[in-house]
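Remarks on the structure that follows.
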Amino acid sequence: MYAQMIKSTGQGVKSLDEMEPEERAFQERINAGGKIEPKDWMPEGYRKNLIRQIGQHAHSEIVGQLPEGNWITRAPTLERKAILLAKVQDEAGHGLYLYCAAETLGVTRDELTRDLLSGKMKYSSIFNYPTLTWADMGAVGWLVDGAAIMNQVPLQRTSYGPYARAMVRICKEESFHQRQGFDIMMKMANGTEAQRKMAQDALNRFWGPALMMFGPSDADSVHSAQSMAWKIKMNSNDELRQKFVDLTAPQAEYLGLTIPDETCKLNPDTGHYDFAQPDWDEFFDVLRGNGPCNTDRLEARNKAWDDGAWVREGLMAHAAKKRAAKLAAE
Amino acid sequence: MSDPLFEFLCRLGDNTLVLGHRVSEWCGVAPVLEEDIALANVALDLIGQTQLWLGLAGEVEGQGRDADRLAFHRDVWDFRNVLLVEQPNGDFGQTMMRQFLFDSWHLSYLKALMSSSNEQIAAIAEKSVKEVTYHLERSTDTVIGLGDGTEESHDRMQKALDRLYPYVGEMFLSDDVDAAMVAQGIAPDPTTLRPAFDAHLAQVLGEATLTKPADDFAHKGGKTGARHSEHLGHMLTQMQWLQRAYPDATW
C-alpha cells in the first residue's frame with residue numbers, strides 16, 4: 001500500500017459498551033471477520049478515513065507512473081521496454097480499481113483528482129524521488145513494490161469489501177512487479193563494473209526512502225489504533241518495516257550489494273535484522289512538498305490534466321450529440 | 001540493393017518499432033486514465049510485433065543480428081519506417097490522427113499478408129491482425145468523437161489531419177522491394193490498397209465532420225531510407241542511448 005500518515009477520527013477507540021446499537025453491530029461484524037459493503041451502515045469516521053486512505057493509494061499509483069515512465073523510452077531492450085510498459089500500465093489499472101472502490105463511498109474520481117492536483121491530498125513520499133539510472137527500475141520494483149506488498153497482502157483481508165477485492169487483484173500484479181525488479185537487479189549486479197556501480201548506487205539512494213514508505217512509528221498513534229480496530233490497517237508500521245528488512249537484507253546479500261546501513265545485521269537473539277531508522281526529518285520535508293521531485297510530479301500531473309481538458313470535453317460533447325440524435329429518432 | 005526480403009521485413013519492423021516508441025512517450029500523461037491504459041496497450045502490441053518482424057529480419061539476414069541488435073544499433077539511414085510514424089506526438093489529437101491513418105493502412109496490409117507465400121510472415125500477420133483490428137476501431141472512434149466534438153476539438157483534429165495528410169501517400173508507394181515481394185507472392189503491391197483506404201477515410205472523415213486536404217502531395221524517403229525527417233534522429237538518441245553508451249553490457 002502507498003498510504004502514509006492517514007488521519008482517523010483522532011478520538012481514540014470506543015469500547016463496545018460506549019457504542020450505540022447500530023455502531024456496536026457494525027464493530028461486532030468487523031471483529032468477527034465480516035465485510036462491510038457500500039450499502040451497509042457505517043460510522044462517518046470510517047467512511048472518511050477510508051476515502052483518505054484509498055484515495056491516497058490511488059493517487060500514488062497514478063503519480064507512481066511518472067518515475068518509471070521516465071525510463072520507458074530509454075529501456076535497453078525491446079523485452080525490457082515491454083515489461084516496464086506493462087508494469088506502468090498495471091499501475092494505471094490499479095489506480096482505476098481504487099478510484100472505483102473510493103467511489104462506492106460517495107466521492108467521485110474527479111473530486112479526488114482535483115484534490116491531488118491542488119496538493120490537498122497526498123501520494124506516497126517515495127514517488128518524490130528521482131529515477132536516475134536504469135538500475136533504478138530494478139530498485140523501484142525490488143524495494144518499492146516489495147515494501148508495498150508487505151502492506152497490501154494483509155489488506156486483502158481488510159473490512160471494507162470493495163477495497164479488499166481490489167487488493168486481491170492488485171497483489172497478484174504487484175508480486176510480478178517485484179520479481180521483474182529483482183530480475184533487473186540480478187542482471188545489473190552480475191553485469192559489467194559500470195552496471196554493478198549503478199545497482200549499488202540505486203540501492204544507496206532507495207534504501208532509506210523505501211523504509212520511510214511504512215511511515216514513522218505509530219505505536220502511540222490514536223489514528224492507527226482506530227484504523228486497526230476498524231481493520232482498515234492490519235499491522236503497525238514498525239512491524240511491517242521489520243518484516244521488509246528481514247526479507248530484503250538476505251536478498252541484497254545474494255545480489256552482492258551492500259545495504260547502506262552498517263548496523264543492518266541479523267541479530268541472533270531476536271532472529272530479526274537490526275537496522276537504523278531512516279532520516280525522518282527528510283521524510284517530513286518530502287511530505288511538506290520539499291522532496292527532490294514534488295514540484296516536477298505535481299506539475300506533470302497538472303499539465304496532463306490541463307492539456308487533456310479539450311479531449312475530455314470533445315468526447316463528452318460528441319457523446320451528448322449522439323444521445324440527442326438517438327432520442328430524436330425514437 | 002540488399003536482400004529485398006530483409007529490406008521488406010525491416011520496413012514492417014521499423015514501422016511498429018518507431019510508432020510503438022512514439023506511443024509509449026505518452027506513458028502517464030494521457031488526458032484520462034482509460035487513455036493511459038489504452039495507449040500502453042497499443043504500444044505494447046506494436047513492440048511485440050517489432051520483436052517478431054525484426055527477429056525474422058535478423059534470421060533472414062543470417063549475420064547474427066537479433067531484433068535488439070537491429071533496433072538499438074542501426075543509425076537513421078538504416079531505418080525503413082514510413083515518415084508518418086516518426087512524426088512527433090504533438091497534442092493528443094495529432095497522436096490519434098497519426099494512429100488512425102497508420103492503422104487504416106496497417107490493417108489492410110496485414111490482412112493481405114495473411115495469405116503470404118512465406119508461412120512465417122503469414123503467421124505474424126495473422127497474430128498482428130487481431131491486435132490491429134482493435135487499434136483501428138479505437139483510433140477511428142476517437143477521430144470521429146473529437147472531430148464531431150466541440151469547436152476546439154474539431155479545429156485541432158482538422159489541423160492534425162492537415163499536418164499529417166502529406167505523409168499518407170508514402171504508405172502506398174511501390175518500389176523494387178515491393179515488386180520483388182509481389183513476384184514471390186510474399187506481399188501485395190501497396191498501390192492496390194489505396195482505393196479501399198480512400199473509401200474508408202472518406203467515410204470516417206464524413207462522420208468526424210473533417211475535410212480531406214485537396215492537395216495529394218506525398219513526402220517520401222522513409223521506407224527507402226533515402227531521407228528521413230529530423231525527428232527520427234532525436235528519437236534514436238533516446239531509444240538507443242543505453243545500448244550505445246554501454247555496448248559491452250547485457251540487460
Side-chain angles (χ1 to χ4, degrees), chain A residues 58 61-86 88-93 95-96 99 109 113 133-134 184 187-188 190-192 194-195 198 300-301 303-305 307-322, chain B residues 17 20-41 43-44 47-48 50-51 54-55 66-68 71-72 91-93 96 141-142 144-157 208 235 238-243 245-246 248-251:
Chain A
E61 299 282 357
I62 301 310
V63 178
Q65 294 181 91
L66 298 172
E68 288 180 300
N70 183 37
W71 278 91
I72 285 177
T73 56
R74 288 178 288 172
T77 69
L78 293 169
E79 195 185 355
R80 290 285 181 207
K81 194 206 284 268
I83 293 172
L84 187 59
L85 197 53
V88 178
Q89 186 191 33
D90 284 348
E91 280 153 16
L96 207 53
Y99 284 128
R109 198 210 300 183
T113 300
T133 73
W134 175 251
I184 292 177
K187 269 271 190 235
M188 301 295 283
N190 295 312
T192 63
Q195 284 176 303
M198 280 185 229
R301 286 312 309 161
K303 183 175 186 311
W305 187 249
D307 288 353
W310 71 270
V311 176
R312 297 189 299 274
E313 286 157 14
L315 293 175
M316 299 275 279
H318 174 69
K321 282 183 203 177
K322 272 178 80 173
Chain B
L17 172 64
H21 186 95
R22 278 283 184 244
V23 176
S24 78
E25 291 171 1
W26 272 99
C27 176
V29 295
V32 277
L33 201 40
E34 285 80 353
E35 286 299 335
D36 273 312
I37 295 172
L39 286 166
N41 250 335
L44 272 170
I47 294 165
T50 303
Q51 288 174 298
L54 291 186
D66 61 9
D68 282 334
F72 295 99
D91 64 9
F92 183 75
M96 292 311 294
D141 285 351
T142 310
I144 293 172
L146 291 174
D148 178 45
T150 58
E151 200 183 324
E152 182 183 3
S153 72
H154 175 272
D155 291 351
R156 283 178 182 258
M157 295 313 281
M235 174 194 275
Q238 193 168 98
M239 185 171 92
Q240 299 181 334
W241 172 74
L242 262 181
Q243 286 270 5
Y246 302 96
D248 52 344
T250 53
W251 306 93

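Every chain is numbered from 1, with letters handed out A, B, ... down the list of sequences.
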Is any side-chain heavy atom of [Y] closer than 4.5 Å to one of [X]?
{"X": "A:R74", "Y": "B:M239", "answer": "no"}
{"X": "A:E61", "Y": "A:Y99", "answer": "no"}
{"X": "B:W251", "Y": "B:Q243", "answer": "yes"}

Using 0.5 Å steps for rounding, measure from the [atom1] atom of [X] to the [atom2] atom of [Y].
{"X": "A:E313", "Y": "B:L146", "atom1": "CD", "atom2": "CG", "value": "11.5 Å"}
{"X": "A:I184", "Y": "A:Q195", "atom1": "CD1", "atom2": "CD", "value": "11.5 Å"}
{"X": "A:Q65", "Y": "B:L33", "atom1": "CD", "atom2": "CG", "value": "6.5 Å"}
{"X": "B:L54", "Y": "B:I47", "atom1": "CG", "atom2": "CD1", "value": "12.0 Å"}
{"X": "A:I83", "Y": "A:L78", "atom1": "CD1", "atom2": "CG", "value": "11.0 Å"}
{"X": "B:I144", "Y": "A:K322", "atom1": "CD1", "atom2": "NZ", "value": "7.5 Å"}

Check each atom of [X] against the heavy atoms of chain B and say whether the ones under 4.5 Å are side chain, backbone, both or neither.
{"X": "A:R80", "value": "side chain"}
{"X": "A:V88", "value": "side chain"}
{"X": "A:E79", "value": "both"}
{"X": "A:A320", "value": "neither"}
{"X": "A:W310", "value": "both"}
{"X": "A:M188", "value": "side chain"}
{"X": "A:A194", "value": "side chain"}
{"X": "A:I62", "value": "side chain"}
{"X": "A:L66", "value": "side chain"}
{"X": "A:T73", "value": "both"}

Just give me the residue among [options] that pairs up with chain A most often, heavy atom to heavy atom, under 4.5 Å.
{"options": "B:A249, B:S24, B:G145, B:S153", "result": "B:G145"}
{"options": "B:D68, B:V29, B:T250", "result": "B:D68"}
{"options": "B:H154, B:E152, B:Q51, B:R156", "result": "B:R156"}

Sort out for me which of [options] touches chain B most, counting heavy-atom pairs under 4.5 Å.
{"options": "A:P76, A:A304, A:A86", "value": "A:P76"}
{"options": "A:K187, A:K303, A:E91", "value": "A:K187"}
{"options": "A:A82, A:A92, A:G95", "value": "A:A92"}
{"options": "A:L85, A:I72, A:N190", "value": "A:L85"}
{"options": "A:T133, A:D307, A:T192, A:V63", "value": "A:T192"}

Would you mind checking which part of [X] comes under 4.5 Å of any heavy atom in chain A, side chain (CB onward), backbone (N, CA, C, O), both or neither?
{"X": "B:R22", "result": "neither"}
{"X": "B:F72", "result": "side chain"}
{"X": "B:L17", "result": "side chain"}
{"X": "B:M96", "result": "neither"}
{"X": "B:D141", "result": "neither"}
{"X": "B:D36", "result": "side chain"}

For a quick test of reading the model, state the closest non-hydrogen atom pair linking [X] to [Y] and the distance between them.
{"X": "B:A67", "Y": "B:G55", "answer": "CB-N, 3.7 Å"}
{"X": "A:Q89", "Y": "B:I37", "answer": "NE2-O, 2.9 Å"}
{"X": "B:G149", "Y": "A:A317", "answer": "C-CB, 3.8 Å"}

Exercise. Return the orientation label for the A:W134 and A:W71 ring planes: parallel under 30°, perpendicular over 60°, tilted otherwise.
Key: perpendicular
Quiz item: Is any NZ, NE, NH1 or NH2 atom of the basic residue among A:K81 and A:E68 found under 4.0 Å from an Asp or Glu carboxylate oxygen of the other?
Solution: no
